[in-house]
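Take a look at the structure below.
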Amino acid sequence: MENREAGGRVPLISKIAYGMGDVGCNFSWMFVGNFLMIFYTDVFGISMSAVAGLMLFSRFWDAINDPIIGGLSDKTNTRWGRYRPWLLVAAPLTAIILILTFWAHPGWSSTAKIVYMAMTYCILVLGYTCVNIPYGTLCGAMTQNIEERAQINTSRSVSAMIAIGVINIITVPFISLLGNGDDKRGYLLVAAIYGCIFAACHIFCFAKTKEVVAVPEKQKISLRQQLAAVGKNRPYLIAVAGQFLFGVTLYGRNADALYYFTYVEGNKALFSTYSLCIIIPSIIGAACFPLLFRLTNNKGRAASIFAALTGISMFCMYFFTARETPVPFYLFSCLSQFFFSGFNTAIYAIVPDCVEYGEWKTGLRNDGFQYAFISLGNKVGMAIGTSVLAGILASCGYAANQQQNPIVLGVIRHSFTTVPGILWIVTAAVLFFYRLNRRAYNQIVEEISQRKNGSGR
């Protein structure tokens, strides 16, 4: 494979198709992150403590299957490439599991509910891993050009922000409309529709993308070698830490959002209003990442700036409410989402560059294995964010579908504003130390190319 091709431009249709993959991801995983916890507690009738336990347990499962799937995707060898075939096969199967996950049985015994919840959720996590790790790794296989990768990830992030906005705006009224007053039926039908979108988007991504970056043939790398190589990759370790904090902050707050509008604001329909207000800032913020990258010449520094501004904006939201002071509340909501969207683009744009650094530093290229730990870091963060929230709410006396006590209301409010605000600032501090800038990256890619040419094809 020619280096010229690997470092060249990616067709617009491929960038769009790659972005559509994240549309599919969010119609699955963001739906899960935002709505599954309240579905379990308020529709399925599962205790908050059981939900907290599941979220923690599932991360042990992730710790096993994420590296395995990452390694298997690296070893996949087909005429379509290493990563694209996973999208074609795993996405439709995962869509079926998504539907089963949102199939409530409130009349079952507590034990039966917990067993069903654990089985469907763990299989869903495995299915999502089989799609998301190859999908995330695919970006690095499409080109080695740092500018093109920034554009690909901008397409991904803009598409994701549109999808998230649409999901958050339509899901609550959609559940009500399709369920006709029966939330159990409404959630199931919405899951069926979102599952079809999830599968279709990944099939389109498979069809319109191409893997062009050459990889060393027949590498046999032990787990110890791969872990040792990861330990020498400082930019990658910073990226993993950033993803972990990202997962804690994002998913903990997202799981709290519907509780916030339902119990603190007193009207869950305001969640759709809130989501409608932030969708345009989301799209604009995601599209602004290339501008800040050009100014800083460092994707990690760009992510750090976005994270700090996100945290400040969210912290300010605590002092206002949607009912009593709607103008400043929605203003800071829009600002926080604008900066978050820029961060979301930057943090994923970092990952494929770390793969090149690792190959340059150690001579090993293991894209899927490295992306697996990025995914694992994010999902462990998600588990901690959601399980800690669920555990604290349970200990403070949360009762589903009832007026909450003042302590529970305080926890829900802080979990939507001040706590994520502080965590975003911590995330900014971590990513400030990311040193792989544009000049260093281009030198690394050139040296890798020279090594391959010198080794004598």
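This chain uses plain numbering: 1 for the first residue, then up along the sequence.
For the residue pair Asn437 / Asn297, no side-chain donor-acceptor distance below 3.5 Å is found, with atom types taken as modelled. The closest side-chain donor-acceptor pair between Ser157 and Thr345 falls under 3.5 angstrom. Looking only at atom types and distance, the side chain of Tyr259 has a donor-acceptor partner in the side chain of Thr41 under 3.5 Å away.
Minimum heavy-atom separation, Pro420 to Ser415: CD-O, 3.3 Å. For the residue pair Glu265 and Leu270, the shortest heavy atom distance occurs at CB-CD1, 3.9 Å. When all heavy atoms of Ser155 and Lys15 are compared, the closest pair comes out as OG-O, 2.7 Å. Across all non-hydrogen atoms, the minimal contact from Ile133 to Thr137 is O-OG1, 2.6 Å. Summarising the geometry of Ser304 relative to Ala428, their closest heavy-atom pair is OG-O, 2.6 Å, with the distance given to 0.1 Å. Between Val408 and Cys396, the closest heavy-atom pair is CG2-O, 3.4 Å.
Two rings, from Tyr357 and Tyr236, have their centers 6.0 Å or more apart. Here the two rings, on Phe271 and Tyr260, have centers that are 6.0 Å apart or farther. Under the 6.0 Å cut-off for aromatic ring centres, Phe261 and Tyr274 qualify, their centroids lying closer than that. Separation of the Phe206 and His202 ring centroids does not fall under the 6.0 Å cut-off. Taking the ring centroids of Trp424 and Phe343, they lie under the 6.0 Å cut-off. Aromatic pair Phe320/Tyr330: ring centres not closer than 6.0 Å. Between Phe39 and Phe35, a ring centre-to-centre spacing not shorter than 6.0 Å is recorded.
With rounding to the nearest 0.5 Å, the separation of OG in Ser341 from CE in Met161 is 4.5 Å. From Ile123, atom CD1 reaches atom OG1 of Thr94 across 10.5 Å, with rounding to the nearest 0.5 Å. Rounding to the nearest 0.5 Å places OG1 of Thr120 at 10.0 Å from CG of Leu98. Atom OG of Ser272 and atom CG of Asn267 lie 9.5 Å apart (nearest 0.5 Å). The line from CG of Asp353 to CD1 of Ile350 is 8.0 Å long, rounded to the nearest 0.5 Å. Summarising the geometry, atom CG belonging to Leu423 is positioned 4.0 Å from atom OG1 belonging to Thr249; distances are rounded to the nearest 0.5 Å.
Taking the ring centre of Phe416 as origin, the terminal cationic atom of Arg253 falls inside the region bounded by 6.0 Å and 45° from the ring axis.
Arg156 pairs by the salt bridge (Lys or Arg N to Asp or Glu O under 4.0 Å) definition with Asp22, not counting sequence neighbours.
Side chain of Ser387 to backbone of Ala52: no donor-acceptor contact under 3.5 angstrom is found. Without hydrogens or angle criteria, Thr321 side chain to Glu324 main chain gives a donor-acceptor distance under 3.5 Å. Using a distance-only test at 3.5 Å, with no hydrogens or angles considered, no donor-acceptor pair links the side chain of Gln404 to the main chain of Tyr263. In this structure, the side chain of Arg413 engages the main chain of Tyr318 through a donor-acceptor pair within 3.5 Å.
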Output a table of donor-acceptor pairs, distance under 3.5 Å, between side-chain atoms of residues 285-295 and any protein atom two or more places apart or on a different chain; print 'none' if there are none.
none

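In this pair, His105 and Trp108 present their aromatic rings parallel. The plane angle is below 30°, not in the 30 to 60° band. The aromatic rings of Phe306 and Phe339 are tilted relative to each other, their planes meeting at an angle between 30° and 60°.
When Val430, Ile384, Ile374, Thr427 are each tested for a side-chain contact (heavy atoms from CB on, under 4.5 Å) with Phe244, only one passes: Ile384. Evaluated for a ring-ring contact (aromatic ring centres under 6.0 Å, His included) with Phe31, the options Phe174, Tyr128, Tyr194 yield exactly one hit, Tyr194. Applying the ring-ring contact (aromatic ring centres under 6.0 Å, His included) test between Tyr135 and each of Tyr18, Phe198, Trp86 identifies Tyr18 as the sole match.
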Side chain to side chain contact (heavy atoms under 4.5 Å, CB included) assessment of Lys208 paired with Ile13: CA-CA 7 Å; Lys208 296 298 181 181; Ile13 186 62; 4.2 Å; yes

Can you check side chain to side chain contact (heavy atoms under 4.5 Å, CB included) on Val23 and Phe27, steps first, answer last? CA-CA 6 Å; Val23 170; Phe27 268 93; 3.8 Å; yes

List the steps and the verdict of side chain to side chain contact (heavy atoms under 4.5 Å, CB included) for Met317 and Ser333. CA-CA 7 Å; Met317 289 177 64; Ser333 296; 3.1 Å; yes

Are Arg149 and Tyr348 close enough, and set up right, to give a side chain to side chain contact (heavy atoms under 4.5 Å, CB included), and what steps lead you there? CA-CA 10 Å; Arg149 283 181 176 175; Tyr348 285 107; over 6 Å; no

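A salt bridge between Glu148 and Arg9 is present, with a side-chain N of the basic residue lying under 4.0 Å from a carboxylate O of the acidic one.
Here salt bridge (charged side-chain N to carboxylate O under 4.0 Å, His left out) pairs that include residues 396-409, with residues two or more places apart or in two chains, number zero.
Phe432 CZ: 12 or fewer foreign heavy atoms inside a 6.0 Å radius.
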